[in-house]
Novice: 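Right, I'll just put the structure down here and ask away after.
Numbers restart at 1 for each chain; the letters A, B, ... are given by sequence-line order, proteins then strands. This is a predicted model, so every value here is computed, not measured.
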Amino acid sequence: MADLPTPWVYLTTPIYYVNDVPHIGHAYTTIAADVLARTHRQWGAPVFFLTGTDEHGQKVWQSAEKHGLSPQVYVDRILPRFRDLWSRLAISNDDFVRTTQPRHIKGVSEVLTRLREKGDLYEGSYEGWYCLPDERFWTDKDVENGLCPDCHRPVERISETNIFFRMSRYQDWLVSWYESHPEAIRPESRYNEIMGFLKKPLSDLCISRPKSRVPWGIPIPFAPDYVTYVWFDALLNYVTVPWSLGATPEEGLSRLWPATHIIGKDILTTHAVYWPILLAALDLPPPRLIFAHGWWTVDGEKMSKSRGNVVDPGALVDQFGADPVRFFLLREGQFGQDVDFSREALINRINRDLANDLGNLLSRVTAMAFRYFPETGVARPEAGGSPALKEAAEALLPQVRLRTLSLEFHRALQSLWEFVAFLNRHVDARAPWVLARDPALREDLSSVLYDLLEGLRLTALYLAPFMPETAGKILEALEVPAGISLLSYETHGLPGLEALYRVRPSGPLFAKRDAQGNPLSEEGEKPRKSPSPAPAEGGTAVAAPAKDSGPAPAVTGEAPAPEKTPIDYADFQKVQLKTGVVREAVPVPKSKKLLRLSVDIGEAEPRTVVAGISGSYSPEELVGKTVVVVTNLAPATLMGVTSRGMLLAASTENGVSLLTVDRPAAPGSGIK
RNA sequence: GGCGAUGUAGCUCAGUCGGCAGAGCAGGUGAAUCAUAAUCACUCGGUCGGGGGUUCGAAUCCCUCCAUCGCCA
């Protein structure tokens, strides 16, 4: 049911209670949904990204009274607190729903009518302790000394008749649906929580409030004395909006449904229990995914109005800009777990990751490209780019894109920054300023700079969903024509579709910040030396370029991550490698992946070698195979078997792949 | 009280199937001078919460205790 053939990606945030003051938690949810939306769009998927505001309920009504305004006028006035914040944070929502819009009110009436026709609603009486400010009932057990357990204000005894929704009817169905769709609630711990919650019988849900007490709500068509309970009203926005978009409600919804809901962990039960049941009552499939993210603490403490430590995202945007705030919120912690906010951490990310690693990389590369090739630009090398760069760039696809789509934002960004670090290492390893001293090496110089510029372009494209403005600035600095997407990159493949980079130096991408968050430098006391065009003329070739003089790790085809220390040839010679033929292979008892091999390496007796390759090779296919053995490794005992040697193998996605020889070689042939 | 998680370097956290404890930041040393003094290399730093068990071998599996957190009541 969850895998309807819709190509659409329907993404939602909760609709925010318009009476609340926006804090970084609201921004967190919305930015995450935005990054997902932008990523899907970038790769060609049609996206409908919905956010909005929840505008009914007692608190809004009371606040309006206090201001001497009608509720509608009041909510119209405070709406910009949210709507403007999203535009300042570059949120790319496709629609903005307000629960006071006619389309929503019409949809809610429709739902209520359908539920009533199905016999899922009934009138019942309810008695309990009511907390007015919180708008919720408590049981005898909850209430402590006549005070609300949540806000510690006095509660009052209320008995009233209301309309109830028969939730219990659908409980068994929901449990079995979740049993077969464990991926529908993320992270996994939240799934477990819901499954635990569903072990106990559900009570029916009260979905109305008497108009006499709460006049500001959606009228219930068949019960004129009641309005819809604000929570129930709010949830329904996820379907009332699509209903309003199609030629018919069904057409509008079936195109988009099922939705992916991004929420905070505080409203998990509502979304993962009440909501799917409500959908089932409407004959609609459950959401595709409900992802409950964690909360932000502030300097290690819970964020709350009473502590006065609520972080205002608008103020952060004013001071630091939208992109750094977006980056920080998604980079700092795991989406799904609680994360701590501190200005120090934010400033540290801006200075280290953004200004130093990325901003300075753009600065140094474009400065050199402009200085050394002011007239001609940097052309694509005939031979293509560096294989190492190509390999690192290809890893971006799984590591950045797929991790983003599985909402592992911090890991996606971490991977992207490994690529940035790779590019910085590449600059150092190839030392373009050294190449520039020798006119004979001009082609090398051009080729190295081309690789770096190409790497920066890819960085910008993968960064775009997270930091749209920054990505635009990078592409602008590279003078890459507008409108280039990852799709065109895919079509053309590496090394790049740019025939020529004609760059000009640009100002810093990010200003570094002092401990207070104020921008450093700028104030022209240190005039930026704009690099003077100085085409390499007969400078003395002091040092040979890195390419010839020693290990240049960046161009040897190594993966970007673990660069090892360069070693001398003498060090390498310490390792004795020989070919060997596998004569026998048997599993080591009680071990899952170890095999005991007899390997003929040209000695009188075959060597016993224990190898952890059982997952990738069966014993049968190993016998007769020629392998590469480290023969002077100190013996090691594994699962009681002494191993006298080690096989060389490449680590692959699916396990290991043994090294062998291209042409026949006698057992014991030396390897150099 | 019931259910569930977590505990690894100064800080934030990875650690896949049991096989030589890792990354980033912070700290130290050096290299380099293209660049926003930005970068790069090396390095310091660990009783893997405590105790017990299984195993040739445990951060990893089992038991138990302690601490912290979440959901429910």
Novice: Mapping A:R349 and A:V420 onto RNA chain B by nearest heavy atom, which one lands closer to the 5' end?
Specialist: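 Closest to the 5' end, via its nearest nucleotide, is A:R349.
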
Novice: If you check the A:W433 side chain, which of B:U36, B:U39, B:A32 turns out closest?
Specialist: B:A32

Novice: Taking the C1' atom in each of B:G45 and B:A23, what is the distance between them to the nearest angstrom?
Specialist: 14 Å

Novice: Side chains of A:E408 and A:S406: do they bring a donor and an acceptor to under 3.5 Å?
Specialist: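 Present: a donor and an acceptor within the cut-off.
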
Novice: Between B:A35 atom P and A:L520 atom CG, what is the distance in whole Å?
Specialist: 20 Å

Novice: Can you tell me, in whole Å, how much space there is between the P of B:U12 and that of B:G7?
Specialist: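 One P to the other, the span is 13 Å.
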
Novice: Return the value, rounded to whole Å, for the distance between atom CG of A:L198 and atom P of B:G2.
Specialist: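 It works out to 21 Å between those atoms.
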
Novice: Mind checking what makes side-chain hydrogen bond (donor to acceptor under 3.5 Å, both in side chains) contact with A:R401, not counting sequence neighbours?
Specialist: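 Checked A:R401 against side-chain hydrogen bond (donor to acceptor under 3.5 Å, both in side chains); zero matches.
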
Novice: Any residue in residues 187-196 of chain A with a heavy atom nearer than 4.0 angstrom to RNA chain B? Just list them by number, or reply none.
Specialist: A:R190, A:E193

Novice: Please report the distance separating the P of B:G22 from the corresponding atom of B:G52, rounded so that it comes out in whole Å.
Specialist: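 Looking at atom P only, B:G22 and B:G52 are 26 Å apart.
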
Novice: Would B:A38 be called syn or anti here, given the cut-off of 90° from 0?
Specialist: syn

Novice: Run the salt bridge (charged side-chain N to carboxylate O under 4.0 Å, His left out) test on A:D338 and A:K302 for me, step by step, so that the C-alpha distance in whole Å, both residues' side-chain angles and the decisive distance to 0.1 Å come before the verdict.
Specialist: CA-CA 10 Å; A:D338 289 0; A:K302 214 172 154 178; over 6 Å; no

Novice: Which one, B:C40, B:U33, B:U36, comes nearest to the side chain of A:R437?
Specialist: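 Output: B:U33.
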
Novice: Hey, is the side chain of A:N356 pairing donor to acceptor with the base of B:A38 inside 3.5 Å?
Specialist: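 Counting by modelled atom types and ignoring angles, no donor-acceptor contact under 3.5 Å is found here.
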
Novice: Map every base of RNA chain B to its dot-bracket character, where paired means a Watson-Crick or G-U wobble contact with both distances under 3.5 Å and | marks a partner outside the strand.
Specialist: (((((((..((((.....[..)))).(((((.......))))).....(((((..]....)))))))))))).

Novice: Counting only side-chain N and O atoms of A:R371, is one of them less than 4.0 Å from OP1 or OP2 of B:A35?
Specialist: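 Result: yes.
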
Novice: Between atom NZ in A:K200 and atom P in B:C72, what is the gap in whole Å?
Specialist: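 To the nearest whole Å, that distance equals 9 Å.
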
Novice: Check for me whether A:R442 meets the cation-pi criterion with A:F373, that is, NZ or CZ under 6.0 Å from the six-membered ring centre and within 45 degrees of the ring axis.
Specialist: yes

Novice: Counting only side-chain heavy atoms from C-beta out, which of B:C72, B:A35, B:C25 sits nearest to A:T269?
Specialist: B:C72

Novice: Residues two or more places apart in sequence or in another chain: which of them pass side chain to side chain contact (heavy atoms under 4.5 Å, CB included) with A:N351?
Specialist: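 Once residues adjacent in sequence are excluded, the partners of A:N351 under the side chain to side chain contact (heavy atoms under 4.5 Å, CB included) criterion are A:I347, A:K512, A:R513.
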
Novice: Is there any ring pair (Phe, Tyr, Trp, His ring centres under 6.0 Å) pair reaching into residues 342-363 of chain A, and which pairs are they, with sequence neighbours excluded?
Specialist: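 Non-adjacent pairs meeting ring pair (Phe, Tyr, Trp, His ring centres under 6.0 Å): zero.
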
Novice: For A:T459, check side chain to side chain contact (heavy atoms under 4.5 Å, CB included) against everything at least two apart and list the hits.
Specialist: A:L358, A:L416, A:F419, A:V420, A:L423

Novice: Which one, B:U36, B:C25, B:C34, comes nearest to the side chain of A:F510?
Specialist: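 Side chain of A:F510 sits closest to B:U36.
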
Novice: Check side-chain hydrogen bond (donor to acceptor under 3.5 Å, both in side chains) between A:W417 and all other residues, then give those that pass, not counting sequence neighbours.
Specialist: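 In terms of side-chain hydrogen bond (donor to acceptor under 3.5 Å, both in side chains), with neighbours along the sequence ignored, A:W417 is linked to no residue.
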
Novice: Determine the interatomic distance between C1' on B:G24 and the same-named atom on B:A14; round to the nearest Å.
Specialist: 10 Å

Novice: Report the residues that fulfil side-chain hydrogen bond (donor to acceptor under 3.5 Å, both in side chains) with A:Y178, sequence neighbours left out, ordered by chain and then residue number.
Specialist: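 Listed in chain order: nothing, the list is empty.
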
Novice: So, using ring pair (Phe, Tyr, Trp, His ring centres under 6.0 Å) as the criterion, who are the partners of A:F466 when residues are at least two apart?
Specialist: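 Checked A:F466 against ring pair (Phe, Tyr, Trp, His ring centres under 6.0 Å); zero matches.
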
Novice: Could you list the residues that satisfy salt bridge (Lys or Arg N to Asp or Glu O under 4.0 Å) with A:R403, not counting sequence neighbours?
Specialist: none

Novice: Fit a plane to each ring of A:F335 and A:H293, take the angle between them on a 0 to 90° scale, and name the class: parallel (under 30°), tilted (30 to 60°) or perpendicular (over 60°).
Specialist: tilted

Novice: For A:F197 and for A:R352, locate the closest nucleotide of RNA chain B by heavy-atom distance; then report the residue assigned to the nucleotide nearer the 5' terminus.
Specialist: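 Going by which nucleotide is closer to the 5' end, it is A:R352.
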
Novice: Which residues pass the side chain to side chain contact (heavy atoms under 4.5 Å, CB included) test with A:R349, sequence neighbours left out?
Specialist: A:F327, A:F328, A:R331, A:E332, A:D353

Novice: For A:D357, which contact category applies under a 4.0 Å heavy-atom criterion: base, sugar-phosphate, or nothing?
Specialist: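 A:D357: backbone/sugar contact only, no base atoms under 4.0 Å.
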
Novice: Using the C1' atom in both, what is the distance from B:U60 to B:A26, to the nearest Å?
Specialist: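 Taking atom C1' in both B:U60 and B:A26, they lie 29 Å apart.
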
Novice: To the nearest Å, how far apart are A:D428 CG and B:G30 P?
Specialist: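 Spelled out: CG on A:D428 to P on B:G30 is 18 Å.
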
Novice: What's the gap between B:U33 and B:C48 when it is taken at their P atoms, as a whole Å value?
Specialist: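 Looking at atom P only, B:U33 and B:C48 are 44 Å apart.
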
Novice: I need the NE2-P distance between A:H426 and B:A41, as an integer number of Å.
Specialist: 14 Å

Novice: Please write out each protein N/O paired with an N/O of nucleotides 7-16 of chain B under 3.5 Å, distance rounded to 0.1 Å.
Specialist:
| unit_1 | atom_1 | unit_2 | atom_2 | d |
| --- | --- | --- | --- | --- |
| B:A14 | OP1 | A:Q334 | NE2 | 2.6 |

Novice: Closest approach to the side chain of A:N360, judged atom by atom: which nucleotide of B:C34, B:U36, B:A38 is it?
Specialist: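 Among the listed nucleotides, the one closest to the side chain of A:N360 is B:A38.
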
Novice: May I have the distance from A:K512 (atom NZ) to B:U39 (atom P), rounded to whole angstrom?
Specialist: 7 Å

Novice: Which heavy-atom pair separates A:V378 from A:S446 by the least distance, and what is that distance?
Specialist: CG1-O, 3.3 Å

Novice: CG of A:L416 versus P of B:G24: gap in Å, rounded?
Specialist: 16 Å

Novice: Using atom C1' of each nucleotide, how far apart are B:C44 and B:A59 to the nearest Å?
Specialist: 22 Å

Novice: Between A:R425 and B:C40, does any side-chain N or O lie under 4.0 Å from OP1 or OP2?
Specialist: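 A:R425 to B:C40 OP1/OP2: no side-chain N or O under 4.0 Å.
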
Novice: Between B:U43 and B:C3, how far apart are the two C1' atoms, rounded to whole Å?
Specialist: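 Going atom to atom, C1' in each nucleotide, I get 47 Å.
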
